[in-house]
Amino acid sequence: MVGIIKYGSGNIYSVFSALKFLGKEVVFIENLKMLDKVNYLILPGVGSFASSMENLEKIGLLEKIVYKLEDGVPFLGICLGLQLLFDWSEEGKIEGFGILKGKVVKFKNKNIKIPHMGWNKVKVLKDSLLFKDIMDNSYFYFAHSYYVKTQKKFIIGKTNYKVDFPSIIVKENIVGTQFHPEKSGEIGLLFLKNFLEGKWLQ
Amino acid sequence: MVAIRIIPCLDVKDGKVVKGIHFEDIRVAGDPVENASFYYKEGADEIVFLDISATIEGRKTMVDIVKKVADVIFIPFTVGGGISSIDDIEKLLSNGADKVSINTAAVKNPNLIEQSAKKFGSQSIVVAIDAKRVGDNKWEVFIESGKTPTRLDVVEWAKRVVDLGAGEILLTSIDRDGTQEGYDVELTKTVSENVNIPIIASGGAGKLEHLYEVIVNGKASAVLIASLLHFRILTIPQIKKYLKENGIEVRESK
């Protein structure tokens with residue numbers, strides 16, 4: 001069973017419906033008890049960095065999620081759900097989970113529109129079964145003003161918006177995408193399917 | 001770099017699409033879910049629903065529609081029309097809409113932009129501006145479906161909504177809307193150059209060249225299209241092929 005962590009306000013239904021479409025059993029995780037029932041975990045991205053950290057702490061999920069990650073549960077963080085895994089964010093100037101080394105910074109180029117909104121290409125940097133049947137430089141949907149800065153060894157896909165930024169990162173059982181696979185059409189669904197097949201883990 | 005978005009706009013009234021696709025592939029005439037699904041498969045980059053329901057019942061129906069649409073299309077979609085509170089926004093977003101578009105309520109209560117952007121993130125808050133030309137390089141903001149003048153200057157208002165946290169501006173030229181004479185390129189360019197968030201150009205598309213002009217000269221990040229697509233004068237693959245041949249980056253749909 002796949003668990004989607006419900007922790008803030010915004011569109012949480014679309015990840016749910018994408019997984020349903022793929023024929024998966026899905027539940028929303030709103031408390032600690034439910035967390036033990038799932039073998040795949042998804043942290044969607046909704047709201048702002050500070051309010052998300054606050055909400056996760058309030059419902060007591062923050063620590064428990066970290067344990068789950070250390071236990072090796074396959075995990076997907078989407079957009080803000082990826083950013084929350086890092087040490088620190090410029091958005092609200094506060095600390096994140098600290099599971100991944102690096103920080104979250106804002107796009108600074110004056111010649112670009114912010115948020116980075118729309119379809120952009122993901123350049124594959126490292127082979128992974130997450131990309132099974134997906135061509136290099138495929139378009140995915142993005143909607144964000146901040147991006148992560150981290151060590152090269154975790155970055156398996158990058159995207160350019162005047163600046164190159166990591167659009168997919170993988171560290172052991174943890175996957176993070178800056179784009180929204182649930183909103184990236186058929187290619188996005190394929191990516192989610194690959195993630196849930198778990199073959200990328202080996 | 002980011003591709004130019006082609007966005008079909010569907011007008012929904014009391015649960016039915018009123019300016020829907022006019023041809024036989026759609027099994028249930030006026031069904032919003034079928035219309036959205038059609039454009040999703042055709043390669044739309046995003047879809048906008050404009051709820052023009054006059055009744056409270058009609059608005060409630062919209063929330064059900066949103067959920068059904070979210071079950072069959074896996075691209076972003078926006079819902080606009082009559083949104084006036086945080087509660088309205090919450091209902092739509094938690095049921096599967098990715099963004100809401102606020103127009104009249106934003107002018108009457110600019111606070112709503114700030115509060116909703118804080119709560120749901122700027123990326124989900126679109127402010128729709130209906131602009132009417134009132135002089136040389138000067139436009140006024142109109143609200144209530146373009147009926148009521150506000151004395152607000154479009155450029156000043158656009159800057160203000162950005163400061164309040166809007167993530168995008170859906171900019172409609174009242175003068176060009178429905179004319180098929182082309183977008184108001186000057187309007188789009190002026191607003192686009194004055195704010196650093198994406199501008200969706202709307203109103204007046206009549207042929208392929210119009211799309212090219214508003215993207216290249218008007219500096220629009222996306223184009224909203226209604227009749228041209230609904231009446232099958234153009235198709236999304238045709239539009240993307242044309243734009244690509246003319247050097248504009250588009251997401252190719254298969």
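Residue numbering restarts at 1 for every chain, and letters A, B, ... go by the order of the sequence lines.
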Check this for me: [X], atom [atom1], are more than 12 non-hydrogen atoms of other residues, nucleotides or ligands nearer than 6.0 Å?
X: B:Tyr242; atom1: OH; answer: yes
X: A:Lys68; atom1: NZ; answer: yes
X: A:Glu63; atom1: CD; answer: no
X: A:Glu95; atom1: CD; answer: no
X: B:Asn137; atom1: CG; answer: yes
X: A:Lys126; atom1: NZ; answer: yes

(request) Starting from the C-alpha separation in whole Å, work towards a yes-or-no answer on side chain to side chain contact (heavy atoms under 4.5 Å, CB included) for A:Glu186 and B:Tyr40. (result) CA-CA 10 Å; A:Glu186 281 167 29; B:Tyr40 166 59; 4.0 Å; yes
(request) Tabulate, in ascending numerical order, the residues of residues 101-110 of chain A having at least one heavy atom closer than 4.5 Å to a heavy atom of chain B, or enter 'none'. (result) none
(request) Could you please spell out the steps behind the side chain to side chain contact (heavy atoms under 4.5 Å, CB included) verdict for A:His116 and B:Val2? (result) CA-CA 8 Å; A:His116 172 224; B:Val2 67; 4.1 Å; yes
(request) Using side chain to side chain contact (heavy atoms under 4.5 Å, CB included) as the criterion, point out the one residue from B:Ile4, B:Ile75, B:Val250 that pairs with A:Trp119. (result) B:Ile75
(request) For B:Lys189, check salt bridge (Lys or Arg N to Asp or Glu O under 4.0 Å) against everything at least two apart and list the hits. (result) B:Glu193
Which atoms of [X] are under 4.5 Å from chain A, going by heavy atoms: the side chain, the backbone, both sets, or neither?
X: B:Asn95; value: backbone
X: B:Ser124; value: neither
X: B:Lys118; value: backbone
X: B:Ala97; value: backbone

(message) One pair to check against side chain to side chain contact (heavy atoms under 4.5 Å, CB included): A:Met117 and B:Gln123. What are the steps and the verdict?
(response) CA-CA 8 Å; A:Met117 176 90 73; B:Gln123 82 292 334; 4.2 Å; yes
Contact part of [X] toward chain B, heavy-atom cut-off under 4.5 Å: side chain, backbone, both or neither?
X: A:Tyr141; answer: side chain
X: A:Ile112; answer: both
X: A:His180; answer: neither

(message) Below 4.5 Å, heavy-atom pairs only: which of B:Ala222, B:Ala117, B:Ser192 has the largest tally toward chain A?
(response) B:Ser192
(message) Between B:Gly121, B:Ser94, B:Ser122, who has the most heavy-atom pairs with chain A when the cutoff is under 4.5 Å?
(response) B:Ser94
Write down the atom of [X], the atom of [Y], and the distance for their closest heavy-atom approach.
X: B:Gly167; Y: A:Pro115; value: O-CD, 3.3 Å
X: A:Lys183; Y: B:Ile73; value: NZ-O, 4.4 Å
X: A:Tyr139; Y: B:Glu249; value: OH-OE2, 2.6 Å

(message) So, taking the atom named NZ in B:Lys68 and the one named OG in A:Ser17, what distance separates them when rounded to the nearest 0.5 Å?
(response) 14.5 Å
(request) Mind checking the CD1-NZ spacing from B:Ile169 to A:Lys113? Nearest 0.5 Å is all I need. (result) 8.0 Å
(request) For the pair B:Asp71 and A:Tyr13, evaluate side chain to side chain contact (heavy atoms under 4.5 Å, CB included) and give the outcome as yes or no after the intermediate values. (result) CA-CA 9 Å; B:Asp71 283 336; A:Tyr13 185 74; 2.8 Å; yes
(request) Output yes when a side-chain donor or acceptor of A:Lys162 lies under 3.5 Å from a complementary backbone atom of B:Met1, and no otherwise. (result) no
(request) Output the option from A:Gly185, A:Ala143, A:Ser14 having the highest count of non-hydrogen pairs under 4.5 Å with chain B. (result) A:Gly185
(request) Heavy-atom pairs under 4.5 Å with chain B are the metric here; pick the option from A:Leu189, A:Val15, A:Leu80, A:Asn111 that has the most. (result) A:Leu189
